[in-house]
> 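Starting off with a structure, shown below.
Just so it is clear, the model here is predicted, and its values are computed rather than measured.
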Amino acid sequence: MKILVTGGAGYIGSHTCVELLNAGHQVVVIDNLYNSKEEALRRVQEIAGVTGSLHDPDSKLVFYQVDLLDRPALEAVFAAHNGSARAPIQAVIHFAALKAVGESVSKPLEYYHNNITGTIILCQVMAQNGVKDLVFSSSATVYGEDNQPPLVETMPTSATNPYGWSKVMMEQVFRDVCTADPAWNVILLRYFNPVGAHVSGRIGEDPKGVPQNLLPFVTQVAVGLRSQLHVFGNDYPTSDGTCLRDYIHVVDLALGHLKAIERLAARPGVTAYNLGSGVPHSVLEVIAAFERAAGVKIPYQIVARRPGDLPTSYADPSKANRELNWKVQKTLDDICVDAWRWQSQNPKGYVVLWSTNREGGE
Ligand code: UD1
(Lines give C-alpha, C1' and ligand atoms only; values in the text may rest on other atoms or scores of the structure.)
Protein backbone atom coordinates (compact mmCIF):
# COMPACT_ATOMS: atom_id res chain seq x y z
CA MET A 1 0.00 0.00 0.00
CA LYS A 2 1.18 3.59 -0.53
CA ILE A 3 0.98 5.52 2.75
CA LEU A 4 1.44 9.25 3.32
CA VAL A 5 3.22 9.97 6.61
CA THR A 6 3.01 13.57 7.87
CA GLY A 7 5.89 14.39 10.21
CA GLY A 8 7.68 11.29 8.94
CA ALA A 9 11.18 12.69 9.58
CA GLY A 10 10.48 13.13 13.30
CA TYR A 11 11.22 10.82 16.19
CA ILE A 12 8.19 8.52 16.10
CA GLY A 13 7.58 9.13 12.39
CA SER A 14 11.03 7.94 11.31
CA HIS A 15 10.74 4.72 13.33
CA THR A 16 7.30 4.12 11.84
CA CYS A 17 8.65 4.63 8.29
CA VAL A 18 11.19 1.84 8.93
CA GLU A 19 8.46 -0.60 9.97
CA LEU A 20 6.19 0.38 7.06
CA LEU A 21 9.03 -0.17 4.57
CA ASN A 22 10.00 -3.47 6.25
CA ALA A 23 6.40 -4.61 5.79
CA GLY A 24 6.60 -3.82 2.05
CA HIS A 25 4.64 -0.55 1.97
CA GLN A 26 5.60 2.48 -0.11
CA VAL A 27 6.02 5.60 1.98
CA VAL A 28 5.48 9.25 1.05
CA VAL A 29 6.75 11.58 3.78
CA ILE A 30 5.83 15.21 4.17
CA ASP A 31 7.59 17.18 6.88
CA ASN A 32 8.42 20.88 7.34
CA LEU A 33 11.68 19.94 9.14
CA TYR A 34 10.79 22.33 11.98
CA ASN A 35 11.80 19.77 14.57
CA SER A 36 13.44 17.09 12.43
CA LYS A 37 16.21 16.48 9.90
CA GLU A 38 16.22 15.01 6.39
CA GLU A 39 19.24 12.97 7.53
CA ALA A 40 16.83 10.84 9.59
CA LEU A 41 15.15 9.74 6.35
CA ARG A 42 18.48 8.85 4.71
CA ARG A 43 19.12 6.62 7.70
CA VAL A 44 15.62 5.12 7.43
CA GLN A 45 16.50 4.14 3.84
CA GLU A 46 19.75 2.59 5.05
CA ILE A 47 18.06 0.56 7.85
CA ALA A 48 15.23 -0.65 5.61
CA GLY A 49 17.62 -1.37 2.72
CA VAL A 50 15.77 0.77 0.18
CA THR A 51 17.53 2.74 -2.52
CA GLY A 52 16.65 5.58 -4.87
CA SER A 53 16.54 9.30 -4.43
CA LEU A 54 14.40 10.64 -1.58
CA HIS A 55 13.16 13.21 -4.08
CA ASP A 56 12.08 10.77 -6.80
CA PRO A 57 8.30 10.20 -6.54
CA ASP A 58 8.82 6.62 -7.71
CA SER A 59 11.18 5.69 -4.86
CA LYS A 60 9.99 3.35 -2.09
CA LEU A 61 10.56 6.25 0.31
CA VAL A 62 9.91 9.72 -1.08
CA PHE A 63 10.20 12.99 0.82
CA TYR A 64 8.55 16.37 0.28
CA GLN A 65 9.48 19.32 2.48
CA VAL A 66 5.95 20.62 2.89
CA ASP A 67 4.13 22.37 5.71
CA LEU A 68 0.54 21.22 6.26
CA LEU A 69 -0.56 24.84 6.43
CA ASP A 70 0.57 25.24 2.80
CA ARG A 71 -2.53 23.86 1.09
CA PRO A 72 -1.30 24.26 -2.54
CA ALA A 73 1.90 22.38 -1.71
CA LEU A 74 -0.08 19.58 -0.06
CA GLU A 75 -2.44 19.42 -3.05
CA ALA A 76 0.58 19.13 -5.34
CA VAL A 77 1.85 16.10 -3.37
CA PHE A 78 -1.49 14.35 -3.76
CA ALA A 79 -1.64 15.32 -7.44
CA ALA A 80 1.78 13.75 -8.03
CA HIS A 81 0.50 10.41 -6.72
CA ASN A 82 -3.30 10.35 -6.89
CA GLY A 83 -4.04 12.26 -10.11
CA SER A 84 -1.31 10.41 -12.07
CA ALA A 85 -0.33 7.05 -13.50
CA ARG A 86 1.46 6.28 -10.22
CA ALA A 87 -0.05 4.12 -7.47
CA PRO A 88 -2.30 6.36 -5.37
CA ILE A 89 -1.84 7.25 -1.70
CA GLN A 90 -4.42 5.07 0.06
CA ALA A 91 -4.00 5.94 3.73
CA VAL A 92 -2.39 8.60 5.91
CA ILE A 93 -0.54 8.45 9.22
CA HIS A 94 -0.67 11.93 10.75
CA PHE A 95 2.18 12.79 13.15
CA ALA A 96 2.97 16.37 12.18
CA ALA A 97 2.32 18.69 15.14
CA LEU A 98 3.93 20.99 17.66
CA LYS A 99 4.41 19.10 20.92
CA ALA A 100 6.14 21.11 23.66
CA VAL A 101 3.77 21.46 26.61
CA GLY A 102 5.46 24.51 28.19
CA GLU A 103 5.77 26.37 24.89
CA SER A 104 2.10 25.70 24.13
CA VAL A 105 1.14 27.64 27.27
CA SER A 106 3.01 30.74 26.08
CA LYS A 107 2.03 30.35 22.38
CA PRO A 108 -1.52 28.96 22.39
CA LEU A 109 -2.57 30.48 19.06
CA GLU A 110 0.49 29.10 17.31
CA TYR A 111 -0.28 25.64 18.70
CA TYR A 112 -3.97 25.71 17.81
CA HIS A 113 -3.28 27.15 14.35
CA ASN A 114 -0.53 24.70 13.50
CA ASN A 115 -2.07 21.56 14.98
CA ILE A 116 -5.76 22.07 14.33
CA THR A 117 -5.76 24.12 11.13
CA GLY A 118 -3.05 21.81 9.73
CA THR A 119 -5.23 18.79 10.49
CA ILE A 120 -8.30 20.36 8.91
CA ILE A 121 -6.39 21.21 5.71
CA LEU A 122 -5.06 17.64 5.62
CA CYS A 123 -8.58 16.19 5.93
CA GLN A 124 -9.93 18.51 3.23
CA VAL A 125 -7.18 17.63 0.77
CA MET A 126 -7.55 13.93 1.55
CA ALA A 127 -11.30 14.13 0.91
CA GLN A 128 -10.72 15.95 -2.41
CA ASN A 129 -8.62 12.95 -3.43
CA GLY A 130 -11.01 10.31 -2.09
CA VAL A 131 -8.55 9.22 0.64
CA LYS A 132 -10.49 8.61 3.86
CA ASP A 133 -8.37 6.23 5.95
CA LEU A 134 -6.18 7.79 8.64
CA VAL A 135 -4.17 6.86 11.72
CA PHE A 136 -3.76 9.75 14.15
CA SER A 137 -0.97 10.42 16.60
CA SER A 138 -2.87 11.19 19.78
CA SER A 139 -1.58 11.15 23.35
CA ALA A 140 -2.36 9.92 26.83
CA THR A 141 -2.50 13.63 27.64
CA VAL A 142 -6.17 13.52 26.50
CA TYR A 143 -7.08 11.71 29.75
CA GLY A 144 -6.53 14.98 31.62
CA GLU A 145 -6.09 14.97 35.38
CA ASP A 146 -9.38 13.58 36.68
CA ASN A 147 -9.30 9.94 35.54
CA GLN A 148 -7.78 7.24 37.75
CA PRO A 149 -5.25 4.90 36.10
CA PRO A 150 -5.19 2.38 34.55
CA LEU A 151 -6.56 4.65 31.82
CA VAL A 152 -9.23 3.17 29.55
CA GLU A 153 -10.34 4.47 26.14
CA THR A 154 -13.95 4.97 27.32
CA MET A 155 -12.95 7.55 29.95
CA PRO A 156 -13.88 11.23 29.33
CA THR A 157 -11.18 13.38 27.75
CA SER A 158 -9.89 16.79 28.78
CA ALA A 159 -6.57 18.60 29.06
CA THR A 160 -4.55 21.01 31.17
CA ASN A 161 -2.60 22.96 28.52
CA PRO A 162 -3.03 24.08 24.88
CA TYR A 163 -0.92 21.20 23.53
CA GLY A 164 -3.19 18.70 25.30
CA TRP A 165 -6.32 20.56 24.24
CA SER A 166 -5.13 20.55 20.62
CA LYS A 167 -5.01 16.72 20.80
CA VAL A 168 -8.49 16.56 22.40
CA MET A 169 -9.83 18.92 19.72
CA MET A 170 -8.21 17.04 16.84
CA GLU A 171 -9.77 13.80 18.15
CA GLN A 172 -13.13 15.63 18.09
CA VAL A 173 -12.54 16.85 14.52
CA PHE A 174 -12.01 13.24 13.43
CA ARG A 175 -15.10 12.02 15.30
CA ASP A 176 -17.25 14.65 13.58
CA VAL A 177 -15.75 13.94 10.15
CA CYS A 178 -16.48 10.22 10.58
CA THR A 179 -20.04 10.94 11.73
CA ALA A 180 -20.72 13.20 8.74
CA ASP A 181 -19.27 10.78 6.20
CA PRO A 182 -19.21 7.06 7.10
CA ALA A 183 -16.69 6.44 4.31
CA TRP A 184 -14.02 7.79 6.71
CA ASN A 185 -12.09 5.49 9.07
CA VAL A 186 -9.84 7.03 11.71
CA ILE A 187 -7.80 5.23 14.36
CA LEU A 188 -6.75 7.46 17.26
CA LEU A 189 -3.58 6.09 18.87
CA ARG A 190 -3.06 7.42 22.39
CA TYR A 191 0.63 7.11 23.15
CA PHE A 192 1.91 6.88 26.69
CA ASN A 193 5.62 7.85 27.10
CA PRO A 194 7.56 7.04 23.90
CA VAL A 195 11.27 6.43 24.58
CA GLY A 196 14.24 4.42 23.30
CA ALA A 197 15.65 4.21 19.79
CA HIS A 198 16.07 1.83 16.88
CA VAL A 199 18.33 -1.12 17.73
CA SER A 200 20.71 -0.12 14.90
CA GLY A 201 21.66 3.06 16.77
CA ARG A 202 21.10 5.02 13.52
CA ILE A 203 17.82 6.79 14.38
CA GLY A 204 16.55 8.11 17.70
CA GLU A 205 15.24 11.17 19.49
CA ASP A 206 17.07 14.42 18.64
CA PRO A 207 15.34 17.11 20.71
CA LYS A 208 15.63 20.76 19.78
CA GLY A 209 17.31 22.71 22.62
CA VAL A 210 17.14 21.53 26.22
CA PRO A 211 15.22 18.24 26.43
CA GLN A 212 11.92 18.58 28.27
CA ASN A 213 11.35 14.84 28.66
CA LEU A 214 13.05 12.48 31.07
CA LEU A 215 14.90 9.94 28.90
CA PRO A 216 16.54 12.41 26.47
CA PHE A 217 17.72 14.42 29.45
CA VAL A 218 19.16 11.31 31.12
CA THR A 219 21.03 10.27 27.95
CA GLN A 220 22.45 13.78 27.50
CA VAL A 221 23.74 13.70 31.09
CA ALA A 222 25.24 10.26 30.43
CA VAL A 223 27.11 11.46 27.37
CA GLY A 224 28.40 14.57 29.18
CA LEU A 225 26.33 17.23 27.42
CA ARG A 226 24.63 18.17 30.73
CA SER A 227 26.00 18.01 34.24
CA GLN A 228 23.07 16.60 36.19
CA LEU A 229 19.41 15.65 36.05
CA HIS A 230 16.76 17.42 38.07
CA VAL A 231 14.18 14.99 39.43
CA PHE A 232 10.92 16.90 39.72
CA GLY A 233 9.58 15.99 43.16
CA ASN A 234 9.94 12.96 45.46
CA ASP A 235 6.90 13.63 47.63
CA TYR A 236 4.22 12.11 45.39
CA PRO A 237 1.97 9.36 46.78
CA THR A 238 3.92 6.61 44.97
CA SER A 239 6.25 3.77 46.04
CA ASP A 240 9.42 5.92 46.09
CA GLY A 241 7.80 9.37 45.95
CA THR A 242 8.63 10.07 42.27
CA CYS A 243 6.05 10.05 39.46
CA LEU A 244 5.00 6.83 37.76
CA ARG A 245 4.77 6.66 33.96
CA ASP A 246 4.15 4.03 31.30
CA TYR A 247 7.30 4.09 29.13
CA ILE A 248 6.95 2.49 25.71
CA HIS A 249 9.78 1.62 23.31
CA VAL A 250 9.44 3.68 20.13
CA VAL A 251 9.78 0.55 17.94
CA ASP A 252 6.86 -1.11 19.78
CA LEU A 253 4.96 2.13 19.17
CA ALA A 254 5.91 2.10 15.47
CA LEU A 255 4.66 -1.50 15.18
CA GLY A 256 1.36 -0.36 16.69
CA HIS A 257 0.94 1.97 13.67
CA LEU A 258 1.47 -0.95 11.31
CA LYS A 259 -1.27 -2.88 13.13
CA ALA A 260 -3.54 0.17 12.98
CA ILE A 261 -3.03 0.45 9.20
CA GLU A 262 -4.02 -3.22 8.87
CA ARG A 263 -7.04 -2.64 11.10
CA LEU A 264 -8.35 0.11 8.79
CA ALA A 265 -9.26 -2.65 6.32
CA ALA A 266 -12.03 -3.71 8.73
CA ARG A 267 -13.56 -0.23 8.26
CA PRO A 268 -13.80 0.55 11.99
CA GLY A 269 -15.15 4.12 11.73
CA VAL A 270 -13.55 6.19 14.47
CA THR A 271 -11.95 4.35 17.37
CA ALA A 272 -9.22 5.00 19.97
CA TYR A 273 -6.50 2.68 21.25
CA ASN A 274 -4.05 3.12 24.10
CA LEU A 275 -0.48 2.25 23.11
CA GLY A 276 1.29 1.57 26.38
CA SER A 277 2.75 -1.33 28.33
CA GLY A 278 0.33 -1.13 31.24
CA VAL A 279 3.34 -1.23 33.61
CA PRO A 280 4.27 1.95 35.47
CA HIS A 281 7.85 2.82 36.41
CA SER A 282 9.07 5.59 38.70
CA VAL A 283 11.65 8.23 37.74
CA LEU A 284 14.16 6.63 40.13
CA GLU A 285 13.56 3.20 38.55
CA VAL A 286 14.28 4.68 35.11
CA ILE A 287 17.52 6.21 36.37
CA ALA A 288 18.59 2.89 37.95
CA ALA A 289 17.72 0.92 34.79
CA PHE A 290 19.66 3.38 32.65
CA GLU A 291 22.71 3.23 34.91
CA ARG A 292 22.69 -0.59 34.63
CA ALA A 293 22.26 -0.50 30.85
CA ALA A 294 24.92 2.11 30.15
CA GLY A 295 27.33 1.40 32.98
CA VAL A 296 27.33 5.16 33.65
CA LYS A 297 26.37 6.98 36.85
CA ILE A 298 23.65 9.64 36.43
CA PRO A 299 24.16 12.48 38.91
CA TYR A 300 20.80 13.86 39.96
CA GLN A 301 19.23 16.27 42.39
CA ILE A 302 15.69 16.21 43.75
CA VAL A 303 14.02 19.57 43.05
CA ALA A 304 10.47 20.95 43.33
CA ARG A 305 7.57 19.34 41.48
CA ARG A 306 7.05 20.45 37.88
CA PRO A 307 3.67 22.21 37.56
CA GLY A 308 1.14 20.06 35.69
CA ASP A 309 2.78 16.68 36.40
CA LEU A 310 0.40 13.92 37.48
CA PRO A 311 1.58 11.47 40.17
CA THR A 312 0.69 8.38 38.14
CA SER A 313 -0.23 7.68 34.52
CA TYR A 314 -0.40 4.28 32.85
CA ALA A 315 -2.47 2.52 30.23
CA ASP A 316 -4.94 -0.27 30.21
CA PRO A 317 -3.69 -1.59 26.83
CA SER A 318 -6.14 -4.51 26.63
CA LYS A 319 -8.21 -3.04 23.76
CA ALA A 320 -5.11 -2.73 21.54
CA ASN A 321 -3.92 -6.19 22.69
CA ARG A 322 -7.27 -7.68 21.68
CA GLU A 323 -8.36 -5.75 18.58
CA LEU A 324 -5.02 -4.80 17.04
CA ASN A 325 -3.30 -8.01 18.11
CA TRP A 326 -0.55 -5.76 19.45
CA LYS A 327 1.38 -5.63 22.68
CA VAL A 328 4.73 -4.30 23.78
CA GLN A 329 7.64 -6.67 23.36
CA LYS A 330 10.47 -4.60 24.79
CA THR A 331 11.33 -4.01 28.44
CA LEU A 332 12.60 -0.95 30.29
CA ASP A 333 16.09 -2.47 30.07
CA ASP A 334 15.80 -2.75 26.25
CA ILE A 335 14.65 0.87 26.17
CA CYS A 336 17.69 2.03 28.12
CA VAL A 337 20.19 -0.06 26.15
CA ASP A 338 18.82 1.26 22.83
CA ALA A 339 18.56 4.87 24.03
CA TRP A 340 22.16 4.72 25.18
CA ARG A 341 23.40 3.17 21.91
CA TRP A 342 21.75 6.00 19.95
CA GLN A 343 23.04 8.80 22.20
CA SER A 344 26.58 7.45 22.57
CA GLN A 345 26.95 6.86 18.82
CA ASN A 346 25.32 10.22 17.94
CA PRO A 347 26.24 12.50 20.84
CA LYS A 348 24.93 15.57 19.02
CA GLY A 349 22.04 13.89 17.22
CA TYR A 350 21.79 14.09 13.44
CA VAL A 351 24.85 16.22 12.89
CA VAL A 352 26.10 15.71 9.35
CA LEU A 353 29.86 16.03 9.39
CA TRP A 354 31.54 17.61 6.39
CA SER A 355 33.43 15.11 4.32
CA THR A 356 37.20 15.80 4.59
CA ASN A 357 37.72 15.67 0.84
CA ARG A 358 34.73 17.79 -0.18
CA GLU A 359 35.32 20.02 -3.13
CA GLY A 360 35.78 23.68 -2.39
CA GLY A 361 36.45 22.97 1.26
CA GLU A 362 39.21 24.58 3.28
C1 UD1 B 1 5.14 14.90 28.80
C2 UD1 B 1 4.00 15.86 28.67
C3 UD1 B 1 2.89 15.18 27.91
C4 UD1 B 1 3.40 14.74 26.55
C5 UD1 B 1 4.62 13.85 26.73
C6 UD1 B 1 5.26 13.57 25.39
C7 UD1 B 1 4.12 17.36 30.61
C8 UD1 B 1 3.46 17.76 31.91
N9 UD1 B 1 3.56 16.31 29.99
O10 UD1 B 1 4.70 13.76 29.54
O11 UD1 B 1 1.79 16.05 27.75
O12 UD1 B 1 2.39 14.05 25.85
O13 UD1 B 1 5.60 14.50 27.54
O14 UD1 B 1 6.25 12.62 25.52
O15 UD1 B 1 5.06 17.96 30.17
N16 UD1 B 1 11.12 14.34 34.83
C17 UD1 B 1 12.14 14.70 35.69
N18 UD1 B 1 13.17 15.47 35.21
C19 UD1 B 1 13.23 15.90 33.91
C20 UD1 B 1 12.18 15.53 33.02
C21 UD1 B 1 11.12 14.77 33.53
O22 UD1 B 1 12.12 14.33 36.87
O23 UD1 B 1 14.18 16.60 33.53
C24 UD1 B 1 10.03 13.51 35.33
C25 UD1 B 1 8.66 14.17 35.23
O26 UD1 B 1 8.38 14.88 36.40
C27 UD1 B 1 7.75 12.94 35.06
C28 UD1 B 1 8.63 11.92 34.34
O29 UD1 B 1 9.96 12.35 34.52
O30 UD1 B 1 7.45 12.41 36.32
C31 UD1 B 1 8.33 11.84 32.85
O32 UD1 B 1 8.38 13.15 32.32
P33 UD1 B 1 8.34 13.45 30.74
O34 UD1 B 1 9.31 12.59 30.05
O35 UD1 B 1 8.43 14.91 30.55
O36 UD1 B 1 6.90 12.91 30.32
P37 UD1 B 1 5.43 13.33 30.86
O38 UD1 B 1 5.48 14.47 31.78
O39 UD1 B 1 4.77 12.09 31.35
Side-chain angles (χ1 to χ4, degrees), residues 7 10-19 35-36 40 95 99-101 137-141 149 151 163 189-223 225-226 229-232 242-257 274-294 296 298 300 306 309-310 312-315 317 320 326-347 349-350:
Y11 172 46
I12 305 172
S14 58
H15 288 80
T16 301
C17 288
V18 168
E19 301 307 329
N35 193 21
S36 57
F95 293 104
K99 62 169 188 178
V101 173
S137 173
S138 189
S139 166
T141 197
L151 299 162
Y163 159 75
L189 296 180
R190 295 176 178 167
Y191 314 151
F192 281 69
N193 288 60
V195 283
H198 193 265
V199 68
S200 63
R202 297 295 289 154
I203 56 173
E205 188 165 12
D206 182 15
K208 207 173 174 160
V210 181
Q212 303 298 308
N213 299 114
L214 178 62
L215 242 293
F217 206 105
V218 167
T219 59
Q220 290 200 3
V221 171
V223 84
L225 288 176
R226 310 200 177 269
L229 170 74
H230 286 160
V231 173
F232 299 136
T242 62
C243 296
L244 300 176
R245 292 288 182 277
D246 186 338
Y247 295 94
I248 169 172
H249 195 295
V250 65
V251 172
D252 278 332
L253 192 61
L255 289 167
H257 292 75
N274 287 339
L275 295 186
S277 69
V279 181
H281 289 287
S282 75
V283 176
L284 296 182
E285 281 170 8
V286 171
I287 296 171
F290 188 84
E291 289 182 337
R292 272 198 312 275
V296 177
I298 302 296
Y300 70 86
R306 180 171 69 178
D309 276 346
L310 299 171
T312 304
S313 169
Y314 62 96
W326 171 92
K327 69 174 174 29
V328 299
Q329 289 163 22
K330 294 182 186 270
T331 63
L332 181 60
D333 287 348
D334 297 328
I335 285 168
C336 292
V337 168
D338 293 342
W340 176 235
R341 188 184 298 104
W342 155 253
Q343 185 76 64
S344 55
Q345 292 181 3
N346 306 270
Y350 292 112

> How long is the straight-line distance from CG of L275 back to OG of S139, given to the nearest 0.5 Å?
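Between atom OG of S139 and atom CG of L275 there are 11.0 Å.
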
> Kindly say whether V210 contributes a backbone atom to a donor-acceptor pair with the side chain of Q212 at under 3.5 angstrom?
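It does hold such a pair.
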
> With a 4.5 Å cut-off on side-chain heavy atoms, are F290 and T219 touching?
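Counting from C-beta outward, T219 and F290 do come under 4.5 Å.
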
> Rounded to the nearest 0.5 Å, what separation is found between the OG atom of S14 and the OH atom of Y350?
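Output value for this atom pair is 4.5 Å.
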
> Hey, mind stepping through Y247 and L214 against side chain to side chain contact (heavy atoms under 4.5 Å, CB included) and telling me if it holds?
CA-CA 10 Å; Y247 295 94; L214 178 62; 3.3 Å; yes

> At their closest point, which heavy atom of N213 faces which heavy atom of E205, and how far apart are they?
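Result for this residue pair: OD1-OE2, 4.5 Å.
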
> If I compare all heavy atoms of G349 with all of D206, which pair ends up nearest, and what's the gap?
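In terms of heavy atoms, the two residues are closest at CA-OD1, 3.6 Å.
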
> Classify the side-chain pair H249/D338 by whether it contains a donor and acceptor separated by less than 3.5 Å.
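Per modelled atom types, H249 and D338 side chains form a pair under 3.5 Å.
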
> Quick one: salt bridge (charged side-chain N to carboxylate O under 4.0 Å, His left out) partners of R292, sequence neighbours excluded?
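R292: salt bridge (charged side-chain N to carboxylate O under 4.0 Å, His left out) contacts with D333.
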
> Fit a plane to each ring of H15 and H198, take the angle between them on a 0 to 90° scale, and name the class: parallel (under 30°), tilted (30 to 60°) or perpendicular (over 60°).
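Taking H198 first and then H15, their aromatic rings sit tilted (interplane angle of 30° to 60°).
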
> Nearest 0.5 angstrom please: L284 CG to I298 CD1, how far?
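CD1 of I298 is found 12.5 Å from CG of L284.
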
> Closest heavy-atom contact between W342 and A197?
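That closest heavy-atom pairing would be CB-CB, 3.5 Å.
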
> Going through the checks in order, is the side chain to side chain contact (heavy atoms under 4.5 Å, CB included) test met by V218 and Y300?
CA-CA 9 Å; V218 167; Y300 70 86; over 6 Å; no

> Can you tell me if D246 uses its side chain to pair, donor with acceptor, with the backbone of A315 under 3.5 Å?
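Yes; judged by distance alone, with no hydrogens or angles, the pair exists.
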
> Between D309 and R245, does the side chain to side chain contact (heavy atoms under 4.5 Å, CB included) criterion hold? Intermediate values first, please.
CA-CA 10 Å; D309 276 346; R245 292 288 182 277; 4.1 Å; yes

> Would a 4.5 Å heavy-atom cut-off, applied to side chains only, mark I203 and Y11 as touching?
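Answer no - side chains too far apart.
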
> If you measure from SG on C336 to CD1 on I287, what distance do you get to the nearest 0.5 Å?
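One gets 10.5 Å once the value is rounded to the nearest 0.5 Å.
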
> With no hydrogens and no angle check, just 3.5 Å: does a side-chain donor-acceptor pair link Y191 and S137?
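The answer is yes; a qualifying pair exists.
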
> If you define the side chain from C-beta out and look only at heavy atoms, does anything of F232 sit under 4.5 Å from V283?
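No, their side chains stay 4.5 Å or more apart.
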
> Would a distance-only check, ignoring hydrogens and angles, find a side-chain to backbone donor-acceptor pair under 3.5 Å from W326 to L255?
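Not a single qualifying donor-acceptor pair exists.
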
> Determine the minimum heavy-atom distance between V250 and I12, stating which atoms define it.
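Residues V250 and I12, closest heavy atoms: CG2-CA, 4.1 Å.
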
> First locate atom CZ of F217, then atom CG of L229, and finally report the distance between them rounded to the nearest 0.5 Å.
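These two atoms lie 6.0 Å from each other.
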
> Looking at every heavy atom in both V223 and S344, which two are closest together, and how far apart are they?
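Closest approach of V223 to S344, heavy atoms only: CG2-CA, 4.3 Å.
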
> Dump the intermediate steps for side chain to side chain contact (heavy atoms under 4.5 Å, CB included) on D334 and T331, then the final yes or no.
CA-CA 5 Å; D334 297 328; T331 63; 3.2 Å; yes

> Kindly compute the distance separating CD (E19) from CG (D252), expressed to the nearest 0.5 Å.
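Separation between the atoms: 9.5 Å.
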
> Please answer whether the main-chain N or O of G10 pairs with a side-chain N or O of N35 as donor and acceptor at a distance below 3.5 Å.
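No: the side chain of N35 does not pair with the backbone of G10.
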
> Is there a donor-acceptor pair closer than 3.5 Å between any side-chain N or O of Q345 and the backbone N or O of R202?
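Between the backbone of R202 and the side chain of Q345 there is no qualifying donor-acceptor contact (under 3.5 Å).
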
> Show the nearest heavy-atom pair for residues W340 and V296, with the distance to one decimal.
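Closest approach of W340 to V296, heavy atoms only: CZ2-CG2, 4.0 Å.
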
